[in-house]
There are 2 protein chains.
Amino acid sequence: MTHQRRAIVSILGELQSFQSAQEIHALLKERGETIGLATVYRYLARMVKSGDVDVMNREDGESVYMRCSRQHHHHLACRRCGRAIEIGGPAIEQWAEQLAAQHGYTDVTHALEIFGVCPDCAESGGDTR
Amino acid sequence: MTHQRRAIVSILGELQSFQSAQEIHALLKERGETIGLATVYRYLARMVKSGDVDVMNREDGESVYMRCSRQHHHHLACRRCGRAIEIGGPAIEQWAEQLAAQHGYTDVTHALEIFGVCPDCAESGGDTR
DNA sequence: GTAAGTGCAAACGGTTTGCAGCCTC
DNA sequence: GAGGCTGCAAACCGTTTGCACTTAC
């Protein structure tokens with residue numbers, strides 16, 4: 001446990017929104033942490049593998065990260081600030097499985113992401129991203 | 001209408017699977033077409049904008065393209081060969097909209113992709129990708 | 001003839017990696 | 001003291017772009 005990891009864990013604990021590795025790195029820098037971008041990437045990747053963090057591909061292709069519950073779920077995420085709400089749609093899961101089976105597809109996974117603009121961002125108007 | 005475009009259109013007409021720009025470029029080269037990678041990217045981007053081609057983000061992050069029907073739909077795609085089946089789930093659309101509205105999110109879009117291994121690929125065993 | 005399209009190669013942006021040094025236990 | 005972790009900078013990879021040349025009409 002290095003202070004860099006402590007810092008990442010701590011900031012992930014505070015954020016309730018998806019942020020990119022670079023954004024997380026910038027936030028840590030702002031707080032005066034000494035940490036390299038590579039370390040952020042490396043540790044995030046490790047946490048993704050261990051299941052402690054969720055990755056999601058933003059519409060622009062950049063990967064964004066957020067601490068998450070371990071069970072399978074999807075997200076309703078704000079396109080501007082990244083604020084996300086976990087959603088579970090048992091019906092969807094079932095439907096996808098069944099549909100795939102119908103066509104003979106095996107080893108099925110699915111990716112579902114809902115993007116919108118959250119109330120706060122909508123109110124504050126045309127923020128970037 | 002240049003011969004390069006004709007070639008791209010022609011190959012898109014034959015493929016019933018999602019392929020990346022680089023894969024499409026390689027296929028064209030194999031056929032002896034003289035065409036640059038940049039041209040493939042440029043023309044694919046144009047067709048995406050005009051709605052004649054669908055893009056999809058493969059799990060590895062690379063963008064893959066396929067000629068598609070114009071109306072909104074999703075895909076069940078083979079993880080190995082890219083073969084895809086169009087699916088439309090009115091129930092999903094509705095559910096996503098409603099869920100987003102419930103949480104006050106506006107300007108809602110969603111991305112749903114189902115990945116699996118198609119019967120042919122499953123049969124032929126451990127092909128790469 | 002002219003405007004649009006093309007190829008090349010360089011630029012780009014996010015991400016990964018090799019390696020030498022540093023820190024934690 | 002030893003192994004793992006870190007930072008830096010370079011490498012990577014898919015994609016985009018500037019620019020001079022070519023092509024289709």
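Just so it is clear: chains get the letters A, B, ... in the order the sequence lines come, proteins before strands, and each one is counted from 1.
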Specify the angle, to 10°, made by the local axes at the two ends of the helix from dG1(C)-dC25(D) to dC25(C)-dG1(D) when five pairs are taken at each end.
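Both end axes considered, the difference amounts to 20°.
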Please tabulate the protein-to-nucleotide N/O contacts below 3.5 Å involving nucleotides 6-13 of chain D, giving atom names and distances.
from   : atom 1 : to       : atom 2 : distance (Å)
dT6(D) : OP1    : Thr2(A)  : OG1    : 2.7
dT6(D) : OP2    : Arg5(A)  : NH2    : 3.4
dT6(D) : O3'    : Gln4(A)  : NE2    : 2.8
dG7(D) : OP1    : Gln4(A)  : NE2    : 3.2
dG7(D) : OP1    : Thr34(A) : O      : 3.0
dG7(D) : OP1    : Ile35(A) : N      : 3.4
dG7(D) : OP1    : Gly36(A) : N      : 3.4
dG7(D) : OP2    : Gly36(A) : N      : 2.7
dG7(D) : OP2    : Thr39(A) : OG1    : 2.4
dG7(D) : N7     : Arg42(A) : NH2    : 2.8
dG7(D) : O6     : Arg42(A) : NH2    : 3.2

Set of ring-ring contact (aromatic ring centres under 6.0 Å, His included) partners for Phe18(B), sequence neighbours left out:
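Only His75(B) meet the ring-ring contact (aromatic ring centres under 6.0 Å, His included) criterion with Phe18(B).
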[X] [atom1] to [N] [atom2]: how many Å, rounded?
X        : N       : atom1 : atom2 : answer
Glu33(B) : dT6(C)  : CD    : P     : 12 Å
Ile24(B) : dT15(D) : CD1   : C1'   : 14 Å
Tyr65(B) : dG14(D) : OH    : C1'   : 9 Å
Leu28(B) : dT6(C)  : CG    : P     : 12 Å
Gln19(B) : dG14(D) : CD    : P     : 14 Å
Asp60(B) : dT15(C) : CG    : P     : 14 Å
His25(B) : dT6(C)  : NE2   : P     : 12 Å

Look up atom CZ in Arg67(B) and atom CG in Asp54(B), then write down how far apart they are to the nearest 0.5 Å.
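The CZ atom of Arg67(B) sits 11.5 Å away from the CG atom of Asp54(B).
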Quick one: list whatever passes side-chain hydrogen bond (donor to acceptor under 3.5 Å, both in side chains) with Ser50(A), sequence neighbours left out.
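Listed in chain order: Asp52(A).
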Non-neighbouring partners of Thr39(B) that pass side-chain hydrogen bond (donor to acceptor under 3.5 Å, both in side chains), sequence neighbours left out
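So Thr39(B) forms no side-chain hydrogen bond (donor to acceptor under 3.5 Å, both in side chains) with any residue.
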Just N and O in the side chain of [X]: are any of them under 4.0 Å from OP1 or OP2 of [N]?
X        : N       : result
Arg58(B) : dG14(D) : no
Tyr41(A) : dT16(C) : no
Ser63(A) : dG14(C) : no

Please determine whether a side-chain nitrogen of the Lys or Arg among Glu23(A) and Arg58(A) lies less than 4.0 Å from a carboxylate oxygen of the Asp or Glu.
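So Glu23(A) pairs with Arg58(A) through a salt bridge.
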Could you tell me whether a side-chain N or O of His103(B) sits under 3.5 Å from a main-chain N or O of Pro119(A), the two making a donor and an acceptor?
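Not confirmed, His103(B) side chain does not pair with Pro119(A) backbone.
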Please confirm whether the backbone N or O of Asp107(B) pairs with a side-chain atom of Arg79(A), one donor and one acceptor, at under 3.5 Å?
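Judged by distance alone, yes, a pair lies under 3.5 Å.
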Tell me, please, which residues at least two apart from Arg31(B) pass salt bridge (charged side-chain N to carboxylate O under 4.0 Å, His left out).
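Partners of Arg31(B) by the salt bridge (charged side-chain N to carboxylate O under 4.0 Å, His left out) criterion, ordered by chain and then number, come out as Glu14(B).
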Can you work out whether Met1(B) or Val64(B) has the more 5'-proximal nearest nucleotide on DNA chain D?
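Mapping each residue to its closest nucleotide by heavy atoms, the 5'-most match is Val64(B).
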Have a look at Arg46(A) and say if it touches a base, only the backbone sugar-phosphate, or nothing, with a 4.0 Å heavy-atom cut-off.
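Contact class for Arg46(A): sugar-phosphate only.
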What orientation do His74(A) and His110(A) show, parallel under 30°, tilted 30 to 60°, or perpendicular over 60°?
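Judged by the thresholds at 30° and 60°, the geometry between His74(A) and His110(A) is tilted.
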